[in-house]
Amino acid sequence: MCGIVGYIGNREASPILLEGLKRLEYRGYDSAGVSTVATGKLLMHKRSGKINELERELTMRGMPGTLGIGHTRWATHGEPNSENAHPHDDCTGKIALIHNGIIENYSVLKKELQAKGHHFKTQTDTETLVHLIEEFYKENGLLEKAVRKALLLIKGTYGIAVICSDEPDTLITARNGSPIVLGIGNHEYFVASDVAAIAEHTCNVTYLDDNEMAVMHRENLVIKTIDDRPVEKRVEHVAFDLEKIEKGGYHHFMLKEIMEQPQTIFDSMRGRLVEEEGTAKLGGIQHELESLLYARRVLLSACGTSWHAALIGEYMIEEYVRIPVEVEYASEFRYRDPILDRDTVVIVISQSGETADTLAAVREAKRKRAKVFGICNVVGSSIARETDAGIYLHAGPEIGVASTKAFTSQVTVLSLMTLLLARMSSMSSSRGREIVQELKILPEKVKQILNAHKDIEQIAAKYANKQNFLYLGRGYNFPVALEGALKLKEISYIHAEGYPAAEMKHGPIALIDDNMPVVFIATKDSSYEKIISNIEEVRARKGKVIAIATEGDDFIKTKADHTIYIPPTLEFLTPILTIIPLQLLAYYIAVKRGCDVDQPRNLAKSVTVE
Ligand code: G6P
């Protein structure tokens with residue numbers, strides 16, 4: 001979703017801003033722009049399309065200045081064209097603003113500003129804010145005061161950065177609901193919506209909290225609340241490996257991240273398995289373990305792929321820990337006055353830790369006094385900071401918009417949590433040790449599946465021209481069917497649906513004919529016989545069957561048109577293996593169809609608007 005970069009120092013700003021924006025490309029965007037201040041003038045350039053094109057134009061025209069802001073936009077209000085791209089400037093052409101989030105009361109404010117003579121050039125909500133700042137700036141001639149006053153009138157969410165040609169030594173940023181991180185250099189400061197954008201310049205960062213505003217001059221930085229009260233901030237040292245956000249020889253980040261999974265799954269377990277005791281150790285939730293163990297009810301909440309991981313978590317916790325679990329989309333949870341009490345534990349799952357609905361769910365749950373746990377990948381993200389306890393995935397930065405390695409790490413972490421809780425209640429040490437042994441060899445098994453990628457590529461080539469797909473699974477593999485279908489639609493734009501296999505009879509079966517590929521997750525587990533019957537039902541209607549099966553199952557070959565094998569594992573861990581061929585299938589189909597896998601249309605990596 002939208003990205004913010006800002007710079008104040010003694011170096012040329014525009015190359016720093018463009019590099020930073022490129023690091024944020026993965027979040028998804030449709031237009032980009034940069035603004036600097038040079039010799040008392042505000043310079044601005046913006047356009048729809050890719051940053052490379054913006055960069056080419058800037059190189060030709062030149063864009064001097066040691067103070068500047070840059071933005072990638074993911075359209076919410078107004079179509080993705082160059083006018084609506086950020087930065088936006090005021091009527092005087094002196095003030096420039098970039099904004100992530102949504103200004104909810106913009107239409108009322110816009111009318112008032114228009115009545116005062118302000119001229120609007122765009123359809124965006126953001127432009128209202130820059131005119132509002134202009135209005136106060138006219139009154140007091142101080143950018144900081146003007147921004148503060150304007151923000152106090154705003155309803156909605158924002159992460160902003162503002163510059164003004166009259167104040168060439170001032171960069172202002174503020175946050176309410178959209179992440180902002182400040183980078184502290186030597187006589188220079190950086191602002192970004194994501195630490196990846198500034199990591200090559202400094203490891204010293206501080207994160208703004210909601211309702212905070214930072215004013216940076218080349219020689220100092222002051223952070224206060226929006227209503228001008230002092231706040232204490234800590235400077236944190238982030239270790240960020242830039243190599244991890246490069247493609248490393250792969251055509252796409254998505255493929256790189258799929259292939260990384262033996263390592264990322266291992267990293268999610270590193271130091272967390274206690275072999276002799278057959279349990280797990282999870283430092284981040286240790287201090288709140290009792291509330292989890294004695295919870296009368298667990299509520300898992302998330303969005304997208306993370307929601308699918310939550311569904312698997314439900315099955316795991318109910319089976320092994322015997323606590324009733326519910327799973328709810330964060331967007332629904334936050335608005336429907338959920339019943340929570342002190343005996344309910346809420347666990348949110350989010351790769352980015354910034355998804356607006358999930359963050360709002362955290363706040364709603366805390367407001368209602370529930371204990372809130374977080375399972376996040378991005379260290380220091382808003383959700384990670386606002387939850388009472390949490391577990392990091394340690395999967396490294398995920399750049400591909402279609403989430404892959406984060407999913408397998410989420411399921412791995414959920415299995416560790418389940419193991420830990422089960423061992424503290426009714427699970428025996430021998431069963432615990434068996435699970436630990438199996439977890440240890442999972443990365444090897446994932447590697448084995450990845451080695452068969454060429455076979456999956458061939459199947460993909462056969463079906464890449466289809467318009468519809470069905471994905472079916474049962475038990476632990478029902479959420480995998482949902483996730484497999486989601487992967488395909490996200491990047492190949494093929495309509496795909498996931499269902500619990502038995503539900504097929506209640507509707508989707510009407511779609512099946514000889515043109516319909518049906519992907520079955522048909523591993524040798526407690527529902528194997530049942531799923532074979534479902535396969536028969538599809539074959540009887542001439543549907544094409546692609547089966548994900550357990551190694552050694554020769555029988556299934558007589559039933560399926562294509563079989564992709566995975567090594568055997570414990571039933572509750574199968575999703576970590578069965579999803580791998582489905583990720584590869586979606587990837588290769590999308591590539592065959594010529595789709596831009598890393599920048600799928602209309603999607604954003606981190607959805608920071610509700
Ligand atoms: C977006 C991404 C999905 C992701 C979802 C939830 O829609 O495109 O890949 O699953 O957000 O994101 P989170 O960061 O909260 O896991």
Side-chain angles (χ1 to χ4, degrees), residues 1-3 24-30 74 76 177-179 193-194 196 252-254 257-258 264 268 300-313 327-334 346-363 372-387 390-393 395-411 413-414 479-480 482-493 498 579 582-583 586-587 590 596-610:
M1 197 143 271
C2 307
L24 299 182
E25 273 192 301
Y26 75 94
R27 295 168 63 103
Y29 70 105
D30 42 53
W74 186 85
T76 56
S178 282
S193 50
D194 180 329
H252 296 103
F253 282 114
M254 184 181 176
E257 288 160 4
I258 291 174
T264 51
S268 303
L300 291 167
S301 192
C303 302
T305 289
S306 302
W307 185 76
H308 296 154
L311 287 177
I312 298 170
V327 180
E328 183 142 14
Y329 284 117
S331 53
E332 291 297 315
F333 172 86
R334 62 179 288 199
V346 175
I347 305 177
V348 296
I349 306 179
S350 173
Q351 186 286 129
S352 61
E354 300 294 351
T355 301
D357 283 322
T358 314
L359 182 56
V362 170
R363 291 176 180 163
V372 187
F373 287 57
I375 297 179
C376 293
N377 193 32
V378 177
V379 176
S381 54
S382 303
I383 294 174
R385 286 182 293 133
E386 292 195 24
T387 39
I391 311 171
Y392 279 122
L393 302 181
E398 189 179 65
I399 310 290
V401 171
S403 182
T404 52
K405 64 176 181 174
F407 177 76
T408 45
S409 288
Q410 285 164 344
V411 180
V413 159
L414 283 164
V480 176
L482 297 181
E483 176 61 9
L486 178 66
K487 288 291 85 83
L488 188 70
K489 56 190 150 195
E490 278 179 316
I491 55 170
S492 72
Y493 321 137
I579 192 58
L582 303 189
Q583 294 169 343
Y587 172 78
D596 186 347
V597 174
D598 282 335
Q599 307 273 319
R601 71 179 179 211
N602 304 341
L603 294 183
K605 180 69 187 156
S606 179
V607 179
T608 48
V609 293
E610 52 179 276

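Here the structure is a predicted model, which means the values were calculated and not measured. Just so you know, ligand 1 is whichever comes first in the structure, and atom 1 is the first atom listed for that ligand.
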Any non-hydrogen side-chain atom of [X] less than 4.5 Å from a side-chain atom of [Y]?
{"X": "Trp307", "Y": "Pro479", "answer": "no"}
{"X": "Lys487", "Y": "Thr305", "answer": "yes"}
{"X": "Asn377", "Y": "Ser409", "answer": "no"}

[atom] [closest protein heavy-atom partner, distance rounded to 0.1 Å]:
{"atom": "atom 1 (C) of ligand 1", "value": "Ala604 O, 3.6 Å"}
{"atom": "atom 16 (O) of ligand 1", "value": "Ser306 OG, 2.5 Å"}
{"atom": "atom 11 (O) of ligand 1", "value": "Lys605 O, 4.0 Å"}
{"atom": "atom 6 (C) of ligand 1", "value": "Cys303 O, 3.4 Å"}
{"atom": "atom 7 (O) of ligand 1", "value": "Val607 CG2, 3.8 Å"}

Output yes when the distance from some N or O of ligand 1 to some N or O of [X] is under 3.5 Å, and no in every other case.
{"X": "Val401", "result": "yes"}
{"X": "Thr305", "result": "yes"}
{"X": "Ser350", "result": "yes"}

side-chain contact (heavy atoms from CB on, under 4.5 Å) partner of Ile375, chosen from Thr387, Val348, Leu414: Leu414

Contact atoms of ligand 1, heavy-atom distance to Ser403 under 4.0 Å: 9 (O)

Gln351: numbered ligand 1 atoms lying under 4.0 Å from its heavy atoms: 13 (P), 14 (O), 15 (O), 16 (O)

Ser382-Glu354 side chain donor-acceptor pair, cut-off 3.5 Å: yes

Donor-acceptor pair between Gln351 and Ser306 side chains, under 3.5 angstrom: no

Rounded distance [0.5 Å steps], CZ in Arg363 versus CD in Glu386: 4.0 Å

Residue selection (non-hydrogen contact nearest atom 15 (O) of ligand 1) among Val378, Thr355, Asn377: Thr355

Ile491 to Ala590 - nearest heavy-atom pair and separation: O-CB, 3.4 Å

